[in-house]
Protein chains: 2
Amino acid sequence: MPEPVLKSTQAALVARLRREIAAGELQRGDRLPPEREMADYFGVSRARLRQALDQLEGEGALFRRRGQGTFVQPPPATDAAGLHRLARRVRPQDVMEVRLEIEPALAGLAALRANEKARAVFAEVAQATLDAPDQQSYEIADDIFHYKIAEMAQNPLFLTVYESIRSVRQQAMWTRTRAETYSAEVTSVLGQQHQRLAKAILNGEAEAATEAMRDHLICVSRTLMQAGPVVPQKTGDPCS
Amino acid sequence: MPEPVLKSTQAALVARLRREIAAGELQRGDRLPPEREMADYFGVSRARLRQALDQLEGEGALFRRRGQGTFVQPPPATDAAGLHRLARRVRPQDVMEVRLEIEPALAGLAALRANEKARAVFAEVAQATLDAPDQQSYEIADDIFHYKIAEMAQNPLFLTVYESIRSVRQQAMWTRTRAETYSAEVTSVLGQQHQRLAKAILNGEAEAATEAMRDHLICVSRTLMQAGPVVPQKTGDPCS
DNA sequence: ACCTTGAACCAATATAAGATTGGTTCAAAA
DNA sequence: TTTTGAACCAATCTTATATTGGTTCAAGGT
């Protein structure tokens, strides 16, 4: 029944790719080399390489987009150039203000619309935010976590809007500040909030997911800038 | 005390510009000719023409943006090219779904942050949606009405997001459908909702403005597609 | 027969260069 | 002193070219 030779080399290729990506040896920055180069590098045909990439993409480890490339992290926004100029005018509270309106809605829609395969991938990503050993790993996992939610909402315009926000957030100079403010305890709290949010989405509880995302972002906002004036009125303090 | 010659010619130029714009003789499509051409056409210096344009822009009659041009209607989104491709994949319910999350928040922020000058301009724009003689006029006034709200929120990222939505909405093919579905009675109802919304914003009542915008968009959504599945749960029917 | 390969082609995006447009400054002229 | 014309700056648009993932297909190997 098993087809040893071909399947084994295919599985070996997937394992090798996964290993090199995890080790960061093959990954330069965020984007992997073009498929044609990688096929040549590994000494396999492009079709075979693509099968391996297909599997990794199905597991949520890779993102691919025509004309842009293959990424370990979510790909950059479609325009990028125009958003780069915008990033200089935007303050941190501007970004959080928008996120607080967009992402809770995205979480609610994700809970309603995510298909089974996407839920499986999302469960792994959510777990990764808890297992993050250091702060940099958490940043990456958190980015993928939020991006997957936006994908699951299955609204191309909404996803584009989210990508604009994400692009500005990454390019803004104060990203450096944020990276320094996050401590180990804070990432732990945020990771637990991710779990609660992920549970709501996976169970299809839209309202709970919306609420969990709002609490999470409020916590992020408060951590980002102590006594931040982002959200005017709110009942309890979600940053327990 | 008065300086008759210069001031009078300046005022006359403003009046002439206003007249030609209103008559649609000078305006081709949405964009006015470049400043250099207009100055030559009117036989005045560019500096003088710019003074006149400054005044009209201050009244809310014109929009100017470097690198794009001078517009009677709000200027196009910054990228345009990328959003054109997106417009083909987006369904009407996708757009309304995003608008229902974005614009109520924008209305609330506008009520809190709009300065006095912007409020004065906005009051005129709101009145224009009521005075619209035909359906095409209403479309234009409605567009400016919503754009001004997004401007008053004073969040550059939020404004960019709104411009993306607006660009997609305009370029999508189903815009033609919407233009046909609006009847005189419907525009009357929507105009009254505009008044209620404008009143809340001008009074600085953020929550009332948010609520009014939400009701307005729900009404628009229902009119757009009868029995539209856009908003799941809602109390009363705002389309009275 | 079946599969793999390599190549070519398609679709979408990125990038770079040049043109267009509003914003600004400044010296010459009225 | 004011106005003008021009030059220059900054941001955007337009166009052409290159890059990249997605797809198809015939040649070759098993």
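Source: prediction; values computed, not measured. Here is the naming used below: chain letters follow the sequence lines, and residue numbers restart at 1 for every chain.
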Do side-chain atoms of B:Arg31 reach the backbone of B:Gly69 as a donor and acceptor pair under 3.5 angstrom?
no
OP1, OP2 of C:dG23 versus side-chain N and O of B:Arg50: anything below 4.0 Å?
yes
Proximal nucleotide (of C:dG23, D:dT4, C:dT5) relative to the B:Glu35 side chain
C:dG23
A:Arg66 side chain N/O closer than 4.0 Å to the phosphate oxygens (OP1, OP2) of D:dT23?
no
Could you check how far CD of B:Glu37 sits from P of C:dA19, rounded to whole Å?
17 Å
Hey, does the side-chain of B:Arg46 have a donor or acceptor N/O within less than 3.5 Å of a partner on the base of C:dG23?
yes
Please tell me if B:Gln68 has a side-chain N or O lying less than 4.0 Å from either OP1 or OP2 of D:dC13.
yes
I need the CD-C1' distance between A:Glu57 and D:dG22, as an integer number of Å.
11 Å
Between atom CE in A:Met38 and atom P in D:dG22, what is the gap in whole Å?
11 Å
So what does A:Arg65 hit on the nucleic acid, given a heavy-atom distance under 4.0 Å: a base, only sugar-phosphate, or nothing?
sugar-phosphate
Rounded to whole angstrom units, what separation is found between the CD atom of A:Gln51 and the P atom of C:dG6?
14 Å
May I ask you to verify if any side-chain N or O of A:Arg31 is less than 4.0 angstrom from the OP1 or OP2 atom of D:dT20?
yes
Heavy-atom side-chain proximity of B:Glu103 to B:His216 below 4.5 angstrom:
no
Are A:Leu197 and A:Ile149 close enough, and set up right, to give a side chain to side chain contact (heavy atoms under 4.5 Å, CB included), and what steps lead you there?
CA-CA 10 Å; A:Leu197 170 54; A:Ile149 293 174; 4.0 Å; yes
Are any of A:Thr70's side-chain N or O atoms less than 4.0 Å away from OP1 or OP2 of D:dG21?
yes
Backbone N or O of B:Arg166 within a donor-acceptor pair of the B:Arg99 side chain at under 3.5 Å?
no
Measure the distance from CG on B:Leu49 to P on D:dT3 and round it to the nearest whole Å.
15 Å
Spacing of A:Arg36 atom CZ relative to C:dC10 atom P, expressed in whole Å:
14 Å
Given atom CZ of A:Arg48 and atom P of D:dG22, what is their separation to the nearest angstrom?
18 Å
Of the listed nucleotides D:dC8, C:dT4, D:dT4, the one nearest the side chain of B:Ala47
D:dT4
d(CG, B:Leu53; P, C:dG22) in whole Å
9 Å
Assess whether salt bridge (charged side-chain N to carboxylate O under 4.0 Å, His left out) is satisfied between B:Arg113 and A:Glu97, documenting all intermediate values.
CA-CA 14 Å; B:Arg113 297 179 182 167; A:Glu97 197 168 81; 2.4 Å; yes
Side chain of A:Arg64 only, please: which of D:dG22, C:dT5, C:dG23 is the nearest?
D:dG22
